Number of protein chains: 2
Amino acid sequence: MGGEDTLLPVEPVFLKSLRDHVYGLVRDAIISGKLKGGDKLNERQLASQLGISTTPLKEALRVLEAEGLVRSEARRGIYVTFDAAQAEEMMLARAAIESMIARQAAKHVTKAQVTQLRTLIVEMRAGLETVDVLELIALNERFHNVIHEASGCGYLRRLQSGQNIYTQTARLIVLSEERERFQAVEEHEAIADAIASHDAELAERLMRDHVIRSGEKHLIRVQAEN
Amino acid sequence: MGGEDTLLPVEPVFLKSLRDHVYGLVRDAIISGKLKGGDKLNERQLASQLGISTTPLKEALRVLEAEGLVRSEARRGIYVTFDAAQAEEMMLARAAIESMIARQAAKHVTKAQVTQLRTLIVEMRAGLETVDVLELIALNERFHNVIHEASGCGYLRRLQSGQNIYTQTARLIVLSEERERFQAVEEHEAIADAIASHDAELAERLMRDHVIRSGEKHLIRVQAEN
DNA sequence: ATCTGAAATTTGATATATCAATTTGCCGCG
DNA sequence: CGCGGCAAATTGATATATCAAATTTCAGAT
């Protein structure tokens, strides 16, 4: 087993339910590598470490199992299944879903949303000049959010968010390379153009290639950290 | 190790945990329309109806929530969120993921797997002649399974299976149309050719269009039933 | 020393009790 | 009649106890 002793307390204010809080703790521990593929989780022990009962923990583990991060064997144990190979597949899943969202966005986007996308591109170019990486990260998120909203696909959006395994620091590191910053903005502009011209097929392909290319860089970073 | 293959006389039904069983019951009720979008579920009442305690039910509901079929509001209630719009989005999700799987399959497929695909196509043609719809359904599943295996993507495969909302009867009805049977086999052959020639881009596009076109027919059927 | 198998232990599965937030209903006041 | 507001009822959240399957331990036989 790997280092779940470093998983921490649940003391913080009751902003959300224990199960949601614990879900986040364990998921982060898995994604960040504190819990590695093959590690066994003990319900009682983990609940006791967190200072909670097994009920909310069991519910959190069920969600993680539904997401494919752990596998539960009846009366045997709960094992972490997430590894580098799955990280790559989750990136591919993001690419698949995000590109389908872009496809739908190209079909349903409004003129106002096109304007929002173009404005964001302009701001991204400004961010390139000032080398404001944090600002670029925020703009990237807003850019994708506008596309999500344009698509009108709430379920796909939700499904997509479940495939996110990149931390803020990983994003910072990836965008610390000037070449990457420029390429990302170029790709975003091409995607915005495709959506603006209602070219669903092109928007889908460009988005897929963008997510995969950018994702590979993140994955390299993640692997380097572990 | 080994030899346990002949020692499994236990009924599968009893091996399944209550939570898994209940999960299946509620999911089917939602997908089939017995529970409609907006319906409120009461934990105690439902547990009592099913003759179980709330513990396994809560876990089942957490999984359904993770899948986006219900939404839980703390100390307020659990509401069914699945509706026709989400059914369409789940079909799009299937198309997105299945096409990504086809893309990976085109990259990693072996000669033996290509042979399997070609054999299945031949059998499908035979099924067209004999109008054996059940056989066609089984062949379709095997066809997609070979592609899944060729892709080597276990996570994507799992994610894909979560998007399945078609019943056997729905498949029967859709394939009851001769035009649909022929078109499906034609599309399958084109997909097999693309994968055989390692054309990832084409395989992805063909698979996506196939799942969407075929999915729309299923959705029309589902809507007609409700 | 190795194998067998039964007892003790572990552990997830399930049931039940309790807590606390929310809703509901009723009463009185304007 | 309408509107606050408090008490009771409802309900999901959490804690704890119990059950049963799986694993481990270890005595006894070979």
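Convention: sequence-line order gives letters A, B, ...; per-chain numbering from 1. All of these numbers come straight from a predicted model, not from anything done at the bench.
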Q) Reading nucleotides 12-20 of chain C from the 5' end, what letters show protein touch, with B for base, S for backbone sugar-phosphate only, - for no heavy atom under 4.0 Å? A) BBBBB-B--
Q. Can you check the A:Y79 OH to C:dT11 C1' distance for me, whole Å?
A. 11 Å
Q.
Tell me the interatomic distance from B:L46, atom CG, to D:dT10, atom P, rounded to whole angstroms.
A. 18 Å
Q) Is the shortest side-chain N to carboxylate O distance from B:R62 to B:E65 below 4.0 Å? A) yes
Q: Begin with the C-alpha distance, continue with both residues' side-chain angles, and end with the deciding distance and a verdict on side chain to side chain donor-acceptor pair (under 3.5 Å) for B:T110 and B:Q113.
A: CA-CA 5 Å; B:T110 65; B:Q113 286 163 335; 3.2 Å; yes
Q: Measure the CD-CG distance between A:Q45 and A:L57 for me, rounded to the nearest 0.5 Å.
A: 11.0 Å
Q) Hey, mind stepping through A:H198 and A:H108 against ring pair (Phe, Tyr, Trp, His ring centres under 6.0 Å) and telling me if it holds? A) CA-CA 8 Å; A:H198 305 293; A:H108 306 306; 9.7 Å; no
Q: Check the pair A:M91, A:H218 against side-chain contact (heavy atoms from CB on, under 4.5 Å), reporting the backbone distance first and the verdict last.
A: CA-CA 9 Å; A:M91 182 274 290; A:H218 278 86; over 6 Å; no
